[in-house]
Amino acid sequence: MDEVQEKSLNFIEQIVEKNIEEGVNDGRIQTRFPPEPNGYLHIGHVKAICMDFGVAEKYNGICNLRFDDTNPVKEDVEYVDSITQDIHWLGFKWANIFYASDYFDKLYDLAIRFIKAGKAYVDEQTAEQIAEQKGTPTEPGKASPYRDRPVEENLRLFEAMQRGEIEEGKMVLRAKIDMANPNMHFRDPIMYRIITSHPHHRTGRKWNVYPMYDFAHGQSDYFEGVTHSICTLEFVVHRPLYDYFIDEMLKVSKPEEWGVPANSRPHQFEFNRLNITYTVMSKRKMLQLVKEGLVRGWDDPRMPTVCGLRRRGYTPSAIRSFIDKIGYTKVEGMIDLGLLEHTVREDLKETAPRVCAIFDPVRLVLNNYEGSETITAQNIDGIEALGTREMLFGKELWIERGDFMEDAPKDFFRLSPGGREVRLKNAYIIQATGCDKDADGNITTVYANVDLNSKSGTEGGNRKTKSTINWVECSSAVDAEARLYDRLFACEDPSAEEGDFRELLNPDSLKIVNCKVEGSLRNEMHAPVLKEGIAQENHYQFLKQGYFVVDPDTTADHLVFNRTASLKDNWKK
RNA sequence: UGUCUAAUGGUAUAAAGGCUAUUACGUCAGAUUUUGGUUCUGAAGAUCUUGGUUCGAUUCCAGGUUAGACAACCA
């Protein structure tokens with residue numbers, strides 16, 4: 001047995017192993033993936049998902065899915081459904097589904113305790129006034145005039161807020177911490193605000209006050225028994241507050257009141273978020289692209305969303321392999337889109353049946369061939385297990401316009417009158433004899449002689465040719481729509497550019513072309529196949545063209561394919 | 001004149017004080033190939049800086065530089 005090179009642990013896994021060794025949280029591992037249901041999951045979330053679920057699985061712990069649904073203004077069940085579906089499709093299994101809204105009663109109770117302990121107060125200033133008093137990173141803030149309000153009054157007002165007696169925006173509950181703290185998040189952060197304009201997607205109209213992230217997230221982790229609360233780097237500055245609220249909570253309550261073991265305590269760890277060249281990873285910008293119709297929807301194959309990647313033809317294993325390759329650190333970097341493409345090619349090259357599709361067809365007439373015959377072709381050369389298919393061969397074939405040149409340079413390996421011998425994939429060896437042109441000089445038909453003794457698989461077909469070209473027999477060819485995608489943005493880092501990011505879109509990110517595909521695709525299984533309740537897409541490699549996937553727009557008489565990724569092309573002029 | 005993070009080939013990563021600084025993508029060259037794909041072989045290419053500790057520093061310490069995060073009634 002060869003020595004398998006052990007993959008080194010990322011820094012989070014190192015911490016986890018150390019914690020297990022030291023018996024932190026009794027060596028128990030529990031994580032959570034905490035999306036806000038206000039948008040679709042994208043590949044950046046997948047990086048977090050792989051971490052959260054991956055660590056739990058690797059160290060025999062559990063990972064829960066928890067929706068961070070503390071802001072009914074932005075959230076919706078539509079997103080809850082898409083998020084659960086995407087995680088399922090990726091192949092991850094959560095132990096439980098929780099919602100931050102499950103803890104609204106507990107959090108309200110806790111807020112009351114904070115008020116009673118003199119750690120929170122109701123502020124009646126406007127958002128602008130509060131912002132103004134916050135100071136700046138280099139200057140301390142000023143205290144609110146309501147900061148030293150008596151406990152009884154705070155209590156009365158907070159309860160009035162929850163009863164719906166106070167207009168939205170008129171009052172907030174703030175933690176009384178330190179207006180001069182160098183960490184801005186400690187300058188009396190808002191714990192609760194009033195939201196009466198929108199019902200909550202789960203609790204309806206029960207609540208008129210909703211907790212802010214900082215007051216909800218850490219406590220939710222605590223209530224659930226999370227041990228490692230893993231998130232991205234932008235939350236580093238929140239960590240002291242995360243710890244503060246838990247510390248203060250433990251001063252005004254006992255763990256058993258929350259049903260939590262006494263020695264259980266969550267800790268937050270942060271890793272670098274994912275950025276990929278030529279795309280944007282911000283929910284706000286994606287939402288804008290969708291709303292303004294700049295893409296066809298959240299699942300547009302150019303989008304970095306999970307459903308977009310899926311429609312593009314990315315497989316769960318390719319996506320997970322990509323995440324595995326990029327790793328987790330604290331360095332904010334930018335991943336080359338090429339790596340993502342590489343992983344999907346690597347995955348599909350072993351599974352996607354090869355078929356012929358001609359994108360820019362020109363008719364090839366074989367001078368000395370009459371009639372027709374059926375040819376059996378391997379789905380993937382060299383992989384017998386993937387089976388075979390039948391192709392009709394005849395006198396007239398569609399070939400790629402680019403496979404013929406009237407005056408060819410030396411390093412052009414394909415058809416040219418009087419030029420080299422070329423093999424028709426899985427069929428005969430031919431040699432071009434000439435062509436017809438229309439009035440504008442465009443080639444309309446190419447003529448070639450067939451070596452009738454050179455059929456593939458026979459002895460006469462054994463000799464080498466410099467090139468093999470693809471073909472589709474004319475009478476049996478099927479018309480299909482191919483959607484050719486390219487990078488969504490024209491520049492590497494759209495987020496870094498000044499001005500309107502919409503002006504940076506790549507105008508050629510989608511080209512729709514008609515092509516001729518081989519007859520075998522007419523009756524292929526284009527409906528997605530169910531596997532463990534999840535629809536699996538049908539992937540193909542169009543020989544020499546790239547990997548394609550059947551698009552859901554496909555109907556019985558109209559085939560639509562999306563190009564997942566092109567093949568690498570080393571031939572340069 | 002704030003606090004916090006970070007800094008290794010073009011990109012992303014590894015090396016927990018010790019061999020010629022790892023691997024992948026990308027690039028270049030050659031071979032193989034019934035896909036100009038794949039596969040194989042080879043090559044070029046990196047420790048931000050200045051000190052310190054040490055027999056020895058990518059690693060530990062201090063200063064500097066550079067980059068990023070932080071001033072939503074968002075998460």
Side-chain angles (χ1 to χ4, degrees), chain A residues 5 7-8 10 14 34-36 38-39 68-71 73-75 100 123 125-127 130-141 168-174 180-187 190-195 209-210 212-214 216-217 231 233-240 270 272 277 283-284 325-336 338-343 345-346 349-350 354 356 378 380-382 411-414 422-427 429 456-457 461-470 541-546 566-572:
Chain A
Q5 182 150 8
K7 194 169 189 266
S8 52
N10 63 53
Q14 291 179 20
E36 184 188 14
N38 70 342
D68 238 336
D69 55 350
T70 56
N71 183 5
V73 175
K74 292 184 175 174
E75 295 152 8
D123 197 338
Q125 299 181 100
T126 63
I130 291 174
E132 225 171 277
Q133 289 167 359
K134 266 232 152 129
T136 69
T138 51
E139 298 164 78
E168 189 167 317
K170 292 294 183 199
M171 291 184 191
V172 290
L173 182 70
R174 297 178 72 179
N181 198 293
N183 183 336
M184 300 284 293
H185 296 278
F186 273 72
R187 325 252 255 228
I190 293 168
M191 293 164 61
Y192 265 91
R193 78 288 215 192
I194 300 166
I195 297 174
V209 291
Y210 291 90
M212 298 286 289
Y213 169 84
D214 285 306
H217 197 95
C231 60
L233 248 25
E234 65 267 34
F235 291 97
V236 168
V237 283
H238 291 253
R239 192 190 332 122
E270 312 87 9
N272 59 345
T277 53
K283 274 193 208 173
R284 202 198 90 242
K325 285 183 202 307
I326 61 178
Y328 296 86
T329 65
K330 301 181 94 153
V331 186
E332 299 169 54
M334 174 78 76
I335 306 287
D336 189 344
L339 185 62
L340 185 60
E341 295 192 331
H342 169 260
T343 55
R345 287 192 192 104
E346 189 177 52
K349 79 180 179 216
E350 290 173 357
R354 274 56 165 168
C356 283
Q378 284 215 311
I380 301 185
D381 289 343
D411 60 351
F412 181 78
F413 303 158
R414 291 166 269 175
V422 170
R423 182 183 307 274
L424 293 170
K425 177 75 180 172
N426 295 314
I429 293 172
S456 291
N462 271 345
R463 70 177 182 275
K464 300 220 177 299
T465 57
K466 187 71 181 168
S467 147
T468 298
I469 67 170
N470 300 309
Q541 186 196 102
F542 290 180
L543 281 165
K544 298 192 182 184
Q545 301 288 353
S566 61
L567 256 30
K568 280 195 277 181
D569 187 1
N570 281 339
W571 187 61
K572 318 172 197 97

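Here is the naming used below: chain letters follow the sequence lines, and residue numbers restart at 1 for every chain.
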Could you summarise the pairing of RNA chain B as dot-bracket text, marking Watson-Crick and G-U pairs under 3.5 Å with ( ) or [ ] inside the strand and | across strands?
.((((((..(((.....[....))).(((((.......)))))....(((((..]....))))))))))).....
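For A:F235, the ring pair (Phe, Tyr, Trp, His ring centres under 6.0 Å) criterion is met by A:Y213, A:H238, not counting sequence neighbours. Among residues two or more places apart in sequence or in another chain, the salt bridge (Lys or Arg N to Asp or Glu O under 4.0 Å) test is passed with A:E139 by none. Under the side-chain hydrogen bond (donor to acceptor under 3.5 Å, both in side chains) criterion, A:E36 pairs with A:N38, sequence neighbours left out. Every residue meeting the side-chain hydrogen bond (donor to acceptor under 3.5 Å, both in side chains) condition with A:T329, not counting sequence neighbours, appears here in chain and number order: A:N272. Remark: A:E168 pairs with A:T196, A:S197 by the side-chain hydrogen bond (donor to acceptor under 3.5 Å, both in side chains) rule, at least two apart or across chains. The salt bridge (Lys or Arg N to Asp or Glu O under 4.0 Å) test applied to A:D123 returns A:R174, not counting sequence neighbours. Residues satisfying the side-chain hydrogen bond (donor to acceptor under 3.5 Å, both in side chains) test with A:E332, not counting sequence neighbours, are none. Residues satisfying the salt bridge (Lys or Arg N to Asp or Glu O under 4.0 Å) criterion with A:R345, sequence neighbours excluded, are A:E341.
Contact annotation for A:L543: base contact, defined as any heavy-atom pair under 4.0 Å involving a base atom. Residue contacts shown for A:G457 include a base, since a base heavy atom lies under 4.0 Å away.
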What string of B, S and - do you get for nucleotides 70-75 of chain B 5' to 3' if you count protein non-hydrogen atoms under 4.0 Å?
SBSBSB
Expected string for nucleotides 36-49 of chain B under the B/S/- scheme (protein heavy atoms, under 4.0 Å, primed atoms plus P, OP1, OP2 as sugar-phosphate) is BSSS----------
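Contact annotation: A:K464 reaches the phosphate of B:U33 (side-chain N/O to OP1 or OP2, under 4.0 Å). At B:U13, one or more side-chain N or O atoms of A:N272 fall inside 4.0 Å of OP1 or OP2 (strictly under the cut-off).
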All N/O contacts under 3.5 Å from nucleotides 14-19 of chain B to the protein, with atom names and distances to one decimal?
from  : atom 1 : to   : atom 2 : distance (Å)
B:A14 : O3'    : A:S8 : OG     : 3.3

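Each of A:G327 and A:H342 has a nearest nucleotide on RNA chain B; the 5'-most of these lies closest to A:G327.
Contact between A:R193 and A:T70 at its shortest, heavy atoms only, is NH1-O, 3.3 Å.
Residues A:N71 and A:I195 form a side-chain contact, since some pair of their non-hydrogen atoms from C-beta on lies under 4.5 Å apart.
When the P atom is used for both B:U8 and B:U49, the distance is 11 Å, rounded to whole Å. B:C28 and B:G9: their C1' atoms are spaced 15 Å apart (whole Å). Comparing B:U59 with B:A15, their P atoms sit 14 Å apart, to the nearest whole Å. Nucleotides B:U33 and B:A16 are separated by 43 Å at their P atoms, to the nearest Å.
Of the inter-residue distances, the one linking A:R354 atom CZ with A:K349 atom NZ reads 9.5 Å to the nearest 0.5 angstrom.
Distance from the side chain of A:V236 is smallest to B:C4 among B:C4, B:U34, B:C25.
Between the A:T468 side chain and the A:L424 main chain, no donor and acceptor come within less than 3.5 Å of each other.
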For side chain to side chain donor-acceptor pair (under 3.5 Å), just list the numbers for A:Q125 and A:E132, CA-CA rounded to whole Å, side-chain angles, deciding distance to a tenth of an Å, and then say yes or no.
CA-CA 11 Å; A:Q125 299 181 100; A:E132 225 171 277; over 6 Å; no
